[in-house]
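Small disclaimer: the values here were computed from a predicted structure and weren't measured. Every chain is numbered from 1 and lettered A, B, ... according to where its sequence line falls, protein lines coming before strand lines.
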Amino acid sequence: MQLPSFEYLRPATLREGLDWLSEPGTDTAVVAGGSDLLVNMKLGLVTPKRLVSICDLPGMQDVTEDADGGLRIGAGCKLTDLLQHETVTGNYPALADAIRAVGSQHVRNMGTLGGNLCLPTRCWYTNQSEQWRESRQPCFKTDGELCHVIKSSARCHSLNSSDTAPALIALGASVTLASRDGTRELPVADLYFDDGVDYMTMRPGEILTEIHLPPPTGVSAFIKVAQRNGLDYAAGTIAGWFDGAAARLVLGSIGSHPVSLPKAADLVVAGGLGTKTIDAAADAARADLGEVSNLFSPPGYKRRLARSLVRRVLEQLADLQGGGK
Amino acid sequence: MSRQIINLTVNGDRHEIAVAPNQTLLEVLRDELGLSGTKRGCTSGACGVCTVQQEDGRAVLSCLALAVEWDGRAVTTIEGIAEPGQLHPVQAAFLEYGAVQCGFCTPGLIMTAKALLDTDPTPDEAAINEAMAGAICRCTGHIKVKIAIREAVQQALREREPDAAPT
């Protein structure tokens, strides 16, 4: 597969990049690594006429510790580089394990954390060659008016398969979004819409520049289940965090956005990480999950998987918290 | 779509090449420089046959690297891992243990294994699995590949400390 034609721009400053991104009628996209964007461009799924590369911008590959004990990660940090930071691997194990779960080592050597957070949703009806797609009617994702996954649906059910998003949400991370009007801070949990086409809450002209982790507290863990251990999209992922007073559980690769499980988390906050509470939380996950599509796996499997992932991640958190029960 | 001159060092040789923005490093290596050892496979980052090494020794996929982003950089391809007429220890181990079936993925597997050993000279089983997961033999000949990599590790240990390494 060959890349379509485009213009490649390397801004010297963030301001210049933002100006280029906002120029009307230019169809400009941001690239930060490109291991996913270039594939989608080869498939003809996205056809930007200009690419603005942000990885070489000043500070974009920095990892700095905050005065408050938190961590600031430049959006252009290569995933492999982050695994060499002891602050990441030691203080935020859920994030480290999520990073290890992304693609293959080759992909992690090229891909960035910002890029993984902005990963486009995918579907087996659209993430195919152009010829393959032409054999079907256009769907919501390809400017049509139907969803091949759920025929009666009024929306697109493409899946968010970012491995790092659930981990960052569980850890309470936020991102900095820069635009020509200034910057705003947004919790990663608020970065996504539950919609396969309109999947990110970022506004046109915005660039995700930084990921901000709060000071490390409590215990965290991440689990990915896929058909193969290496280089595969997940059938489901879960990230969990618990510090005794608050808990967060987030499922990934199950729907169009990372799915938080507040009922299950509340049970953990109230009852701790004993066997009975874990059982109850796993059962509650089903109610939290709501409706799921049959994209990539049947809904029944997804619900059972969610239950099992909650149980497994809570058991891991219990082990981490008490060194066993 | 204007072409841009890039300075690219390939296996120690410096090249000045005019590239289009939509040309990948793979296309430049194969089509402009005639280095066809790096293979064109899935072209979507799933198979690893296009693996080359960047400056720090890490394995990257040349099919997903834009040539314009390699201006001023250096890359090592399968053609450059040993002196002409010689074999790199990983190549020698692949040969010795028959870690080749149809051979199409072999350059990618060897570059991936070499990148692993360059960054971690004594990888354990899990590290080998993790690194090689991104380079696929579609003939499914992975067992002998792993045997060859393990043997290349042992061979390097024997050469460094002739008496210490287990056989």
Side-chain angles (χ1 to χ4, degrees), chain A residues 1-10 29 31-45 47-56 76 78-81 83-84 97 99-111 115 122 127-129 226-233, chain B residues 1-4 6 19-27 31 40-73 108 111-113 115-116 119-120 123 126-136 142:
Chain A
M1 290 185 292
Q2 276 204 305
L3 281 167
S5 298
F6 58 86
E7 198 185 339
Y8 177 84
L9 302 169
R10 208 190 311 228
V31 59
S35 52
D36 195 77
L37 177 69
L38 297 187
V39 177
N40 286 338
M41 286 174 68
K42 287 180 180 189
L43 290 172
L45 276 174
T47 51
K49 294 287 171 274
R50 305 202 304 184
L51 290 188
V52 174
S53 172
I54 61 163
C55 279
D56 296 330
K78 299 269 190 273
L79 295 170
T80 302
D81 285 333
L83 292 177
Q84 320 254 317
D97 281 347
I99 291 174
R100 288 189 193 101
V102 177
S104 64
Q105 220 164 58
H106 304 69
V107 173
R108 295 193 292 277
N109 289 341
M110 307 177 79
R122 47 184 282 279
N127 290 63
Q128 304 282 357
S129 70
Q227 289 191 348
R228 312 193 298 142
N229 275 335
L231 188 52
D232 199 359
Y233 290 104
Chain B
M1 193 175 59
S2 58
R3 285 185 171 246
Q4 180 188 328
I6 63 163
V19 300
N22 67 343
Q23 266 184 305
T24 60
L25 182 61
L26 173 71
E27 288 161 357
D31 306 338
R40 189 193 314 260
C42 71
T43 66
S44 55
C47 76
V49 300
C50 66
T51 302
V52 295
Q53 270 184 298
Q54 61 183 27
E55 298 89 337
D56 60 6
R58 288 182 192 165
V60 291
L61 300 164
S62 60
C63 77
L64 293 183
L66 293 177
V68 286
E69 294 198 331
W70 281 73
D71 185 22
R73 297 190 57 186
M111 291 307 290
T112 303
L116 168 66
T119 46
D120 176 8
I128 295 176
N129 284 343
E130 194 186 327
M132 300 309 292
I136 294 169
H142 286 280

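In this structure, B:Leu66 CG and A:Arg10 CZ are separated by 10.0 Å, a value rounded to the nearest 0.5 Å. The line from OG of B:Ser44 to NZ of A:Lys42 is 7.5 Å long, rounded to the nearest 0.5 Å. Of the inter-residue distances, the one linking B:Thr119 atom OG1 with A:Gln105 atom CD reads 6.5 Å to the nearest 0.5 angstrom.
For residues 52-65 of chain B, a heavy-atom distance under 4.5 Å to chain A picks out B:Arg58, B:Ala59, B:Val60, B:Leu61, B:Cys63, B:Leu64, B:Ala65, given by residue number.
Other residues, nucleotides and ligands place no more than 12 heavy atoms under 6.0 Å from the CG atom of A:Asn229.
Taking chain A as the reference chain and counting heavy-atom pairs below 4.5 Å, the highest number among B:Ala131, B:Gly45, B:Ala135 is found for B:Ala131.
In this structure, the portion of A:Leu51 lying under 4.5 Å from any heavy atom of chain B is its side chain and not its backbone.
Across all their heavy atoms, A:Arg228 and B:Ala133 have their closest contact at NH2-O, 4.4 Å.
Evaluation of the side-chain contact (heavy atoms from CB on, under 4.5 Å) rule for A:Gln2 yields B:Glu27 as partners, not counting sequence neighbours.
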